[in-house]
J.: 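Mind looking over this structure? Questions follow.
Every chain is numbered from 1 and lettered A, B, ... according to where its sequence line falls, protein lines coming before strand lines.
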2 protein chains.
Amino acid sequence: MASDQTRSAILAAAERLYAVRGFGDVTLRDIVAEANVNLAAVNYHFGSKDELIAELFVTRSIALNRERLAELKTAEEQGDGRASVDVILRALVGPTLHGCLGPANQRSTAARFMIRASIESVPPIRRIKNREIDHLRKFAAAMRRALPDRSDEEIYWGLHFALAMAHHTIRESERLTKLSDGRCDLDDVDGIIERVVGMAVMGLTAGKAESKAPAKVAAR
Amino acid sequence: MASDQTRSAILAAAERLYAVRGFGDVTLRDIVAEANVNLAAVNYHFGSKDELIAELFVTRSIALNRERLAELKTAEEQGDGRASVDVILRALVGPTLHGCLGPANQRSTAARFMIRASIESVPPIRRIKNREIDHLRKFAAAMRRALPDRSDEEIYWGLHFALAMAHHTIRESERLTKLSDGRCDLDDVDGIIERVVGMAVMGLTAGKAESKAPAKVAAR
DNA sequence: GATAGTTTCATACAACTGTTTGAATTGCAA
DNA sequence: TTGCAATTCAAACAGTTGTATGAAACTATC
């Protein structure tokens with residue numbers, strides 16, 4: 001309980017190393033060297049390596065989900081309990097994209113860490129991700145209120161595809177840059193968000209009149 | 001050169017184990033036990049564990065890419081060197097989705113292996129994936145012919161999003177089923193393909209008249 | 001049927017992994 | 001200061017990993 005100094009040094013060092021080198025080849029010995037603490041400190045403070053990784057990921061996940069829900073809640077309050085489709089989608093994919101993309105040289109360690117977590121999917125992280133379903137259900141519910149005429153199936157596919165585009169863009173941003181010879185601007189995060197949201201809105205509202213304002217779907 | 005029996009037994013056993021248990025916890029000893037061969041046989045026939053994995057993945061990748069290109073070529077020949085947007089997209093995402101989705105109990109070992117490869121992303125596989133850019137360029141070129149008015153940027157984003165939806169559906173099919181309480185039918189592969197293609201077509205052609213037939217975008 | 005080349009085999013190797021141990025040290029309360 | 005708990009430390013542990021070795025078994029050629 002006393003200092004907590006060692007504990008946070010380990011957390012910081014671990015996140016830094018995982019962010020840069022991935023989970024695959026970072027050992028406990030690397031971490032304690034980076035943190036300037038003793039090897040046994042990890043097991044003393046966290047119990048095991050997996051629990052260290054889990055704590056790292058849970059912390060960031062909670063923060064991310066909190067942000068998403070806050071955005072959703074604000075939007076629904078302003079809209080009399082009903083937010084528009086594009087606003088809901090922006091609350092879903094915006095925080096992630098803002099957190100993980102943007103100019104590479106100014107990405108936070110936390111962002112790089114979450115990118116790794118999104119790419120490598122090591123067991124302790126996978127276990128946590130599986131519990132995030134409840135979180136998504138809240139967005140499904142919001143979307144149901146925004147599109148009362150759409151079937152649940154359509155809504156789930158819409159949310160699924162929105163997340164697909166967001167996560168894939170994060171995971172494969174390097175490849176997209178290379179493929180397009182830099183013509184796709186991965187630094188313009190807001191542009192990307194509008195692109196993703198625009199596509200998802202089209203998918204969710206295609207063939208029906210929207211119940212709210214048509215939303216500015218054009219990207220850039 | 002002689003028998004090749006051992007070699008293929010190793011390949012088959014390795015693919016089977018990786019497909020079921022993932023790359024994370026399958027050791028060479030597991031593989032040789034499953035294949036009923038000696039431990040040293042792997043290094044004798046493949047050089048190293050990584051090269052074994054690479055050969056496995058390259059084989060499947062080549063087959064997949066061949067299938068995609070064949071579909072594209074057929075379509076372009078039938079259309080006087082110009083295929084329609086939806087047909088190009090179907091050639092891009094169809095083979096992958098057909099190969100990896102469908103009723104879980106009748107998925108081939110190869111399909112399960114490719115799903116694993118898509119989820120876990122171990123170093124030797126990542127190295128190979130990075131060389132697949134040329135392959136994508138061919139689809140970009142075909143798309144440019146189909147949509148001469150669209151900018152390269154729009155085309156790359158369109159292809160990127162199409163792949164995003166396809167791969168994410170494969171990676172997260174379990175989660176989508178759980179989230180939607182089974183309302184999203186992951187066994188109807190053709191339905192999924194139409195859904196993905198439909199979305200991508202909308203994204204690529206939004207705001208402009210299509211140069212070919214409007215394509216049946218509605219899913220199911 | 002001897003021989004040369006290929007393939008198999010049991011075994012050892014060397015390195016690295018996360019974890020544990022028990023003693024030393026520290027910090028704080030009485 | 002004394003005593004007690006929390007923390008740090010060096011060292012070792014136990015297990016696993018991929019790989020290398022050298023002899024044995026095989027196979028096909030002459």
Side-chain angles (χ1 to χ4, degrees), chain A residues 1-58 113 116-117 120-128, chain B residues 1-58 113 116-117 120-128:
Chain A
M1 198 179 292
S3 78
D4 251 8
Q5 209 170 341
T6 306
R7 215 186 123 88
S8 15
I10 292 173
L11 283 170
E15 184 167 48
R16 218 175 311 140
L17 288 181
Y18 285 141
V20 174
R21 292 167 30 195
F23 298 96
D25 58 13
V26 172
T27 71
L28 285 186
R29 283 170 176 81
D30 294 333
I31 294 173
V32 299
E34 174 88 1
N36 277 312
V37 302
N38 187 272
L39 174 59
V42 173
N43 291 279
Y44 178 79
H45 286 281
F46 299 93
S48 72
K49 189 192 190 185
D50 277 12
E51 291 177 80
L52 166 61
I53 296 179
E55 172 152 346
L56 235 24
F57 184 69
V58 164
F113 173 81
R116 284 288 179 189
E120 292 194 24
S121 147
V122 49
I125 289 184
R126 215 170 317 157
R127 278 192 283 273
I128 295 163
Chain B
M1 199 179 292
S3 78
D4 251 8
Q5 210 171 340
T6 306
R7 219 187 119 88
S8 15
I10 292 172
L11 283 170
E15 185 168 46
R16 218 175 311 141
L17 287 182
Y18 286 141
V20 174
R21 290 165 34 193
F23 297 96
D25 56 14
V26 172
T27 71
L28 284 187
R29 283 167 178 82
D30 293 333
I31 294 173
V32 299
E34 174 89 0
N36 277 313
V37 301
N38 187 272
L39 174 59
V42 172
N43 289 280
Y44 177 78
H45 285 281
F46 298 92
S48 70
K49 188 191 190 185
D50 277 12
E51 290 177 80
L52 165 61
I53 295 179
E55 172 153 344
L56 235 24
F57 184 69
V58 165
F113 173 81
R116 285 287 179 190
E120 291 195 21
S121 144
V122 47
I125 289 186
R126 214 169 319 157
R127 278 192 284 270
I128 295 163

J.: Side chain of A/Ser48: nearest nucleotide among C/dT6, D/dA6, C/dT19?
T.: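 Of the candidates, C/dT19 comes closest.
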J.: Hey, which of these two, B/Val42 or A/Ala41, hits DNA chain D nearer its 5' end, going by closest nucleotide?
T.: A/Ala41
J.: Nearest to the side chain of A/Ala40, heavy atoms from C-beta on, is which of C/dC9, C/dT20, C/dT8?
T.: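 Taking heavy atoms from C-beta onward, the closest nucleotide is C/dT20.
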J.: Drop me the distance from B/Phe57's CZ to B/Arg127's CZ, to the nearest 0.5 angstrom.
T.: 12.5 Å
J.: Round to a whole Å and report the spacing from CG of A/Asn38 to P of C/dT25.
T.: 14 Å
J.: What is the distance, to the nearest angstrom, from the NZ atom on B/Lys49 to the C1' atom on D/dA20?
T.: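 Going from B/Lys49 (NZ) to D/dA20 (C1'), I get 17 Å.
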J.: Give the minimum heavy-atom separation between B/Gly22 and B/Glu120, together with the two atoms involved.
T.: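 In terms of heavy atoms, the two residues are closest at CA-OE2, 3.2 Å.
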J.: If you look at every heavy atom in B/Val32 and B/Leu39, which pair is closest and at what distance?
T.: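 Closest heavy-atom pair between B/Val32 and B/Leu39: CG1-CA, 3.7 Å.
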J.: Distance check needed: D/dA28 P versus B/Asp4 CG, whole Å only.
T.: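 Distance, rounded to whole Å: 13 Å.
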J.: What's the shortest heavy-atom distance between A/Arg116 and B/Arg126, and which atoms?
T.: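 The pair with the smallest heavy-atom distance is NH1-NH1, 4.5 Å.
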J.: Can you name the nearest heavy-atom pair linking A/Leu17 to A/Asp30, along with the distance?
T.: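 Shortest heavy-atom separation between A/Leu17 and A/Asp30 comes out as CD1-O, 3.5 Å.
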J.: Can you measure B/Tyr44 atom OH to D/dA24 atom C1' for me and round it to whole angstrom units?
T.: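 Whole-Å distance recorded here is 14 Å.
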J.: Can you list, by residue number, the residues of residues 23-35 of chain A that have a non-hydrogen atom closer than 4.0 angstrom to DNA chain D?
T.: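 Heavy-atom contacts with DNA chain D come from A/Arg29.
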J.: Test side chain to side chain contact (heavy atoms under 4.5 Å, CB included) on B/Tyr44 and B/Thr6; report intermediate values, then the result.
T.: CA-CA 10 Å; B/Tyr44 177 78; B/Thr6 306; over 6 Å; no
J.: Is the phosphate of C/dT6 approached by B/His45 (side-chain N or O, under 4.0 Å from OP1 or OP2)?
T.: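 It does not, given that no N or O in the side chain of B/His45 lies less than 4.0 Å from OP1 or OP2 of C/dT6.
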J.: Please determine whether a side-chain nitrogen or oxygen atom of B/Asn43 lies at a distance below 4.0 Å from atom OP1 or OP2 of D/dG18.
T.: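 No.
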J.: Tell me the interatomic distance from B/Leu52, atom CG, to D/dG18, atom C1', rounded to whole angstroms.
T.: 12 Å
J.: I want to verify a distance call: between D/dT8, D/dT21, D/dT19, whose nearest atom is closest to the B/Leu39 side chain?
T.: D/dT19
J.: Aromatic rings A/Tyr18 and A/Phe113: how do their planes relate, parallel, tilted or perpendicular, breaks at 30° and 60°?
T.: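 Ring orientation, 0 to 90° scale: tilted.
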